[in-house]
Student: 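Okay, handing you the structure first.
FYI, side chains are in, hydrogens and waters are out, and symmetry mates aren't considered; it's all heavy atoms of this structure.
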Amino acid sequence: MKRWTAFGAIAVGAVMVGLDLSGVLPVPYSIFAVLAGTVLVVDGVRRIVELRRTEDPRKS
């Protein structure tokens, strides 16, 4: 379940940044979309890297 949560965070973050880049969001909300989207993408990538480290016993 954690892996799907991480993939979901990356997808939602990418959509939020994409909406801002395409100009769909009004100006006052665009900075929040970029900040939140970036945080979600970074958090999702961090979770995936952490899960891969714990799943691979050869790297320990």
Side-chain angles (χ1 to χ4, degrees):
M1 189 72 166
K2 289 183 181 180
R3 180 177 300 234
W4 290 111
T5 304
F7 286 134
I10 293 171
V12 169
V15 167
M16 290 177 76
V17 172
L19 285 174
D20 177 57
L21 291 177
S22 66
V24 174
L25 298 174
V27 174
Y29 300 111
S30 64
I31 188 67
F32 298 117
V34 170
L35 290 174
T38 305
V39 167
L40 285 170
V41 169
V42 169
D43 184 50
V45 170
R46 183 189 57 82
R47 286 182 186 192
I48 289 174
V49 168
E50 182 180 315
L51 284 171
R52 286 188 180 175
R53 285 184 183 165
T54 58
E55 288 177 358
D56 195 3
R58 296 178 294 170
K59 302 220 176 190
S60 296

Student: How close do Ala9 and Gly44 get, heavy atom to heavy atom, and via which atoms?
Tutor: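 Nearest heavy atoms, Ala9 then Gly44: CB-CA, 4.3 Å.
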
Student: Taking side-chain contact (heavy atoms from CB on, under 4.5 Å) as the definition, give me every residue that meets it alongside Phe7, ordered by chain and number, with sequence neighbours left out.
Tutor: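 Phe7: side-chain contact (heavy atoms from CB on, under 4.5 Å) contacts with Arg3, Trp4, Ile48.
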
Student: Taking atom CZ of Arg47 and atom CG of Leu51, what is their separation to the nearest 0.5 Å?
Tutor: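 Interatomic distance, Arg47 CZ to Leu51 CG, rounded to 0.5 Å: 9.0 Å.
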
Student: Check residues 12-21 and write down every donor-acceptor pair under 3.5 Å in which the side-chain atom is one partner and the other belongs to a residue at least two apart or another chain.
Tutor:
none

Student: Can you confirm whether Arg52 sits close enough to Val49 that some side-chain heavy atom of one is under 4.5 Å from a side-chain heavy atom of the other?
Tutor: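 Of all side-chain heavy-atom pairs linking Val49 with Arg52, none is under 4.5 Å.
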
